[in-house]
There are 2 protein chains.
Amino acid sequence: MTNQLVFSALADPTRRNIFEGLRSGAKTVTELSAAQPVSRPAVSQHLKVLQEAGLVQAEPRGTRRFYTIRREGLAELRTYLDSFWSDVLSAYSAEITRNFGEK
Amino acid sequence: MTNQLVFSALADPTRRNIFEGLRSGAKTVTELSAAQPVSRPAVSQHLKVLQEAGLVQAEPRGTRRFYTIRREGLAELRTYLDSFWSDVLSAYSAEITRNFGEK
DNA sequence: GCTTACTGTAAGTCATCACTTACCAATAGT
DNA sequence: ACTATTGGTAAGTGATGACTTACAGTAAGC
């Protein structure tokens, strides 16, 4: 399951901060690492993980690489959560009616 | 941020499997651990992490404890993702119009 | 009361992983 | 061509965390 990669990618605080840094749009590695308390290579490694999880994508422009959030990755996660949500809801209402019958 | 706990809780494969085991409704620790390749204490520890993340809750009944998914925890996560999603979308459309203007 | 079933906690071990420094590759500007 | 900027990769290290076995506690059934 590719969801595994997504969750473990977002588990690390630094990596999640980097990811959040892309909320507002495309940024380069140096821009992103300037906002983080770790070294630039560390940020590079984090971006690699995020990319492998399908959460970000890179677009090289000159010597710089602009990273952006990959919307399909986010959509996948939302879909997963939604299916989960409906399952939980129906299990819950089933439980309710079952308890009602027992009363 | 409590989201941190949620993401790191769902990052571990075994823990996510346990969590998924609760999709269909309440289960005891022994029931859950029967479906997992790890020992029962390991499952107990995972459940503790899930509970601290606000993702599950326990209801003691006799010597058994029935674990269920805490719907508020899921809702929180969905809300977070939704805010993220709208940010990303608006950043994307802003990028589009900007590129359009430059052409 | 005593045993049995169910669960959480303690202590210790091993692997994973986030981070650093050092290095290399490629494009841009002068 | 040469230098500077940008960024990915390699190797090594330390800490975190997932797991095991052993133990302790509590409710239920006989």
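Chain letters run A, B, ... following the sequence lines, proteins first and then strands; every chain starts at 1.
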Closest to side chain of [X], choosing from [options]:
X: Pro41(A); options: dT9(D), dT20(D), dC19(C); value: dT9(D)
X: His46(B); options: dC19(D), dG8(C), dT20(C); value: dC19(D)
X: Asp12(B); options: dC19(D), dT20(C), dA22(D); value: dC19(D)

*Among the clusters formed by ILVMFWY side chains lying less than 4.5 Å apart, do Val43(B) and Val49(B) turn up in the same one?*
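Per the 4.5 Å side-chain linkage, Val43(B) and Val49(B) are not co-clustered.
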*Does any residue of residues 17-32 of chain A have a heavy atom under 4.0 Å from DNA chain D, and if so, which ones, in number order?*
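The stretch gives Thr28(A), Val29(A), Thr30(A) as the residues lying under 4.0 Å from the strand, ordered by number.
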*Where along residues 48-72 of chain B does a heavy atom fall under 4.0 Å from DNA chain D?*
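Those residues are Gly62(B), Thr63(B).
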*asked:* I'd like to know if Arg78(B) and Glu76(B) make a salt bridge, using a cut-off of under 4.0 Å between side-chain N and carboxylate O.
replied: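 So Arg78(B) does not pair with Glu76(B) through a salt bridge.
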*Record whether the side chain of Gln45(B) comes under 3.5 Å of the base of dT20(D) through a donor-acceptor pair of N or O atoms.*
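Indeed, a donor on one side and an acceptor on the other fall under 3.5 Å apart.
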*Does Thr14(A) have a side-chain nitrogen or oxygen under 4.0 Å from the phosphate oxygens OP1 or OP2 of dC19(C)?*
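Checking Thr14(A) against dC19(C): at least one side-chain N or O falls below 4.0 Å of OP1 or OP2.
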*Within less than 4.0 Å of OP1 or OP2 of dA18(D), is there a side-chain N or O belonging to Arg15(B)?*
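Yes, Arg15(B) has a side-chain N/O under 4.0 Å of OP1/OP2 on dA18(D).
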*In terms of the angle between their ring planes, are Phe19(B) and Phe84(A) parallel, tilted or perpendicular, with boundaries placed at 30° and 60°?*
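Phe19(B) vs Phe84(A) ring planes: parallel.
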*Is there a donor-acceptor pair under 3.5 Å between the side chain of Glu31(B) and the backbone N or O of Thr28(B)?*
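Confirmed, Glu31(B) side chain pairs with Thr28(B) backbone.
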*Is there a donor in the side chain of Lys27(B) and an acceptor in the side chain of Thr30(B), or the other way round, less than 3.5 Å apart?*
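Not at all, the side chains of Lys27(B) and Thr30(B) share no donor-acceptor pair under 3.5 Å.
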*asked:* Is a donor from one side chain sitting under 3.5 angstrom from an acceptor on the other, for Arg65(A) and Ser44(A)?
replied: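 Arg65(A) vs Ser44(A): no donor-acceptor pair found between side chains.
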